[in-house]
Participant: 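One structure, as C-alpha cells, below. Some questions next.
Nothing here was measured: the structure is a model prediction, and the numbers come from that model. So you know, we letter chains A, B, ... as the sequences are listed, proteins then strands, and number each from 1.
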Protein chains: 2
Amino acid sequence: MPKNRRVTIADVAARVGMTNITVSRALNRPEMVKAETRSKIEAAASELGYVPNAFARGLKHSESRLIGFVTASVDNPFYAEMIKAVSRHAKQHNYAILLFDTDGEAWLEANAIETLLSYQAAGIILSPISDEPDYRPDYIDRLHNSDVAVVQLDRTLYNADFSSVVLDNVWAGQCVAAHLLNRVFAETRVSAEAPARLLIAAGPEQSIISRERLAGVQTTLAETDRGVAVDVLWGDYTLEPARDDVGAYIETYGMPGAIFGMNQLITLGALQAMKAHGIAPDTLSVISIDRLPYLDIFDIRVPCVVHDGFHAGQRALELLLERIADPELPQQTITVRGELIE
Amino acid sequence: MPKNRRVTIADVAARVGMTNITVSRALNRPEMVKAETRSKIEAAASELGYVPNAFARGLKHSESRLIGFVTASVDNPFYAEMIKAVSRHAKQHNYAILLFDTDGEAWLEANAIETLLSYQAAGIILSPISDEPDYRPDYIDRLHNSDVAVVQLDRTLYNADFSSVVLDNVWAGQCVAAHLLNRVFAETRVSAEAPARLLIAAGPEQSIISRERLAGVQTTLAETDRGVAVDVLWGDYTLEPARDDVGAYIETYGMPGAIFGMNQLITLGALQAMKAHGIAPDTLSVISIDRLPYLDIFDIRVPCVVHDGFHAGQRALELLLERIADPELPQQTITVRGELIE
DNA sequence: CTGTTAGCGCTTTCAT
DNA sequence: ATGAAAGCGCTAACAG
C-alpha cells in the first residue's frame with residue numbers, strides 16, 4: 001500500500017464543504033468559529049489524520065517553536081541533567097529542542113549555530129567548547145545580528161555579550177579550601193622548610209572556570225597562616241591526562257597532603273593514579289567539584305562541591321524565555337552556587 | 001539598534017543584479033552557475049549575512065533533515081551514550097536531532113510523535129516508555145500511515161511493525177546464570193530441603209525485556225542439576241523500589257546466595273539495601289546488567305553484562321537512514337549482544 | 001547559463 | 001461567522 005499524500009488543511013476543508021481559512025481558524029482560534037462548524041471540522045481532521053505542517057506555519061510567521069541546545073558532551077552527566085531540565089520546561093511552553101553535540105569541535109559548533117539560525121530558532125542555549133579567551137568563534141557576530149535569544153550555560157565565551165547561567169566557581173574554590181583547612185590541614189603550622197602540599201588537578205590553563213576555582217582556593221588559603229603550598233597540574237577536564245599527570249607527580253614528589261580534582265572526570269583520574277601507586281582512598285584526602293555518583297553505597301567518601309544541574313538548566317531556560325518574550329531586555333548573568341557535600 | 005529584517009535570497013539577488021533562482025542555484029547547485037557569478041553571489045551572501053530559511057526549503061520539498069529521538073530518560077547514561085552516537089552520525093549525513101524526553105509519560109510521548117510528524121521528520125528513533133503488551137499508544141497507526149521511517153531502540157512496542165535495535169536479553173540472562181553457576185553456585189549440590197537461592201530484582205512484571213532476561217537465567221539454570229531456587233522481585237527499572245524490596249526480602253528470608261539486578265539502577269538499589277543491612281559487597285555476590293561505572297577504581301567488582309550503547313545507537317541510525325533512502329525496505333531487527341565483564 | 005512562473009501549506013489582511 | 005486573495009522564502013519545471 002503506497003503512503004497517502006499528506007493531508008492538508010484544504011483536504012479537511014473539502015471534506016466539510018468549507019474553505020481553508022475556516023479550518024485553520026477552527027483549529028487555532030476556536031472562538032472565531034461557530035461551535036457546530038468547529039466540531040465538524042475537528043471530527044474531519046482527526047478522521048483524515050490531519051497533521052499541521054510546522055514548516056508552512058513557521059514560514060508564515062517567520063518564527064519557530066524551536067530551541068537549540070548546543071553542548072560539547074551530551075554524555076557528561078551534569079549536562080544530561082541540564083538537558084533534562086531544559087527539555088522538561090521547554091515543552092511546558094510548547095517548544096521543542098534541537099540538540100547538538102559538538103564533540104568539542106569548533107566547526108561542529110559553528111555548524112550547529114548555522115543550522116539553528118536556518119531553522120529560525122527562537123532561542124539557543126549554548127555551552128561552548130571552550131571558555132578560553134582566545135576562542136572567538138565567527139558566529140558570535142551573526143548571533144548578535146540575528147534576533148535569536150541566546151543564553152550561555154556553564155561555559156561562556158570570553159567577552160561575548162550574551163546572558164548566561166554560570167556556576168560560582170570562586171566560591172566553589174573557597175569552599176574546597178575551607179574544607180581542607182578544617183579537616184586536612186588543621187594541624188599544619190607555618191613551616192617554610194616542609195610546607196603541606198595541596199595538589200590541584202585543573203582544567204586548561206587558560207580556562208576561566210579553572211582559574212576562578214583556583215583563585216578561590218588561593219584567596220582562602222591566603223587568609224590563614226597555615227603554610228600550604230599549592231601545586232597545579234593543568235589538564236583538559238578529561239580523565240586520562242589527569243590520571244597520567246597525577247601519577248607522574250606522585251612519582252616525582254611523593255604523596256601530597258591532599259588532592260583537589262576540578263571536576264568529576266579529573267578526580268576519577270586522580271583516584272585511578274592513586275590506585276596505581278597503591279594509595280588507598282582513605283589514606284590521602286581527595287576533594288572534588290561535581291559528585292562522584294553512588295560512592296556512598298560503598299562507604300567511599302570523597303567530599304565535593306555539588307552544583308544543581310537541574311536548577312541551572314531550568315534557570316537558563318527561564319532566562320531564554322524572558323528574552324524571547326522581550327528581546328530588548330538587558331543581558332543577565334545568573335550565578336548558581338554549589339554546596340559542599342562531605 | 002533594531003535587528004534587521006531577515007536577509008533572503010532576493011536580497012542577495014538584488015545586490016548582485018540577478019534573480020532569486022540564480023542565487024538559489026549558486027548556493028545549492030554550484031555547477032549550474034558560471035564560476036564568476038557564483039563567487040560574486042557567495043561574496044554578497046556572506047557579506048549580507050544570508051542564512052537559508054529551513055522552513056521555506058522544507059515546505060518546498062515537503063521533507064526535512066530532521067530526525068527525532070524520543071526517550072523516557074535522557075539522563076540515563078546508557079541512553080546518553082546512544083544519543084551521542086545518533087547525534088554524531090546524524091550530522092555526518094546532515095540531519096539535525098529533535099530530542100524529546102518523555103519522562104515516562106504516555107501523553108508526552110504522544111505529543112512528541114505529533115510534533116515530529118508536524119515537522120515532517122525524516123525519521124524517528126523511538127524508545128518508548130514501556131514495552132509491556134498492554135501499552136498500545138494511538139500514535140502507532142498514525143506512524144504507519146505517514147511516511148516517516150521509524151526505528152525502535154532498546155525498548156519496543158508490543159507487536160508494532162517497526163524496525164528495531166534491541167539487546168539480546170535472553171543471552172544476557174544466560175550469561176548471568178552461567179557466571180553464577182561457575183563462580184557462586186559451583187559448590188551447590190542438589191538439595192531439595194535447602195536449595196541455594198538466587199534473588200532477581202527485575203523490571204516490571206509485564207516487561208518483555210525483563211521476562212526475556214529472566215527466561216535466559218532459567219533456561220541456563222535448568223540445564224544443570226544444581227538446585228538453585230529463583231526468587232523474583234518485580235519493580236520498574238528504578239532505584240528506590242529495588243532498594244526497598246530487596247531490603248524487605250533480606251529481612252524476611254535472610255541473605256540469598258546471590259543477587260541479580262536487571263539494570264544499573266536496580267543493582268545500585270540492591271547494593272544500598274545490602275549496605276543498610278550491614279552486608280558488605282564482597283560477602284554477597286551481586287551481578288548486574290549495565291556497568292556500574294568507575295567502581296574498579298575502588299576495587300569493587302560487580303560483574304555485569306555490558307551492552308555497547310554507542311554501537312546500538314549507531315546501528316539504529318544506520319537502519320533509519322536505510323529506510324529513509326528506501327521506505328519499501330522490509331522491517332529489520334538488529335540484536336546487540338552484551339559481554340560479561342567481571 | 002539565466003530568467004519566468006508557479007506553488008509547497010498556512011494565515012493575515014480585507015471583504016462579505 | 002465565513003470567504004477571497006495574497007504572500008511568507010524557496011526551488012521545480014519549463015523557457016530562452
Participant: May I have the distance from A:Met18 (atom CE) to D:dA4 (atom C1'), rounded to whole angstrom?
Facilitator: 16 Å
Participant: I need the CD-C1' distance between B:Gln120 and C:dC8, as an integer number of Å.
Facilitator: 10 Å
Participant: Using a cut-off of 6.0 Å, state whether more than 12 heavy atoms not belonging to B:Asp138 lie near its atom CG.
Facilitator: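 Not more than 12 within 6.0 Å, no.
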Participant: Between B:Arg38 (CZ) and C:dT2 (P), how many Å, whole number?
Facilitator: 10 Å
Participant: Write down the distance between OH (A:Tyr119) and P (D:dC10), rounded to a whole number of angstrom.
Facilitator: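 In whole Å, D:dC10 P lies 14 Å from A:Tyr119 OH.
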Participant: For nucleotides 10-16 of chain C, read 5' to 3', which letter fits each nucleotide if B means a protein heavy atom sits under 4.0 Å from the base, S means only the sugar-phosphate is that close, and - means neither?
Facilitator: BBB----
Participant: Quick one: A:Phe55 CZ to D:dT11 C1', roughly how many Å, whole number?
Facilitator: 15 Å
Participant: Starting from the C-alpha separation in whole Å, work towards a yes-or-no answer on side-chain contact (heavy atoms from CB on, under 4.5 Å) for A:Tyr50 and A:Val23.
Facilitator: CA-CA 11 Å; A:Tyr50 167 74; A:Val23 174; 5.9 Å; no
Participant: Does the separation of the ring centres of B:Tyr95 and B:His89 fall below 6.0 angstrom?
Facilitator: no
Participant: Without decimals, in angstroms, what is the distance between B:Glu63 CD and C:dG9 C1'?
Facilitator: 16 Å
Participant: Within a radius of less than 6.0 Å around CD of A:Glu31, do more than 12 heavy atoms belonging to other residues, nucleotides or ligands occur?
Facilitator: yes
Participant: Closest to the A:Leu59 side chain: D:dT2, C:dT2, D:dC8?
Facilitator: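 So the nucleotide nearest the side chain must be D:dC8.
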Participant: When you compare the side chains of A:Thr156 and A:Asp131, does any donor N or O come within less than 3.5 Å of an acceptor on the partner?
Facilitator: no
Participant: Which part of the nucleic acid, if any, lies within reach of A:Thr22 when heavy atoms closer than 4.0 Å are counted: base, sugar-phosphate only, or nothing?
Facilitator: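 Sugar-phosphate contact only.
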Participant: Under 3.5 Å, is there a donor on one side chain and an acceptor on the other for B:Ser163 and B:Gln331?
Facilitator: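 Indeed, the side chains of B:Ser163 and B:Gln331 share at least one donor-acceptor pair under 3.5 Å.
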Participant: Between B:Ser62 and B:Gly17, who's closer to the 5' end of DNA chain C by nearest nucleotide?
Facilitator: B:Gly17
Participant: Five pairs at each end of the helix from C:dC1-D:dG16 to C:dT16-D:dA1: take the axis at both ends and give me the angle between them to 10°.
Facilitator: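 One end's axis against the other's: 30°.
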Participant: Checking side chain to side chain contact (heavy atoms under 4.5 Å, CB included) between B:Gln332 and each of B:Arg323, B:Glu322, B:Arg315, which is the one that passes?
Facilitator: B:Glu322
Participant: Could you please spell out the steps behind the side-chain contact (heavy atoms from CB on, under 4.5 Å) verdict for A:Val51 and A:Val7?
Facilitator: CA-CA 7 Å; A:Val51 180; A:Val7 176; over 6 Å; no
Participant: When you look at OH of B:Tyr158, are more than 12 heavy atoms from neighbouring residues, nucleotides or ligands closer to it than 6.0 Å?
Facilitator: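 For B:Tyr158, atom OH is not crowded (no more than 12 foreign heavy atoms under 6.0 Å).
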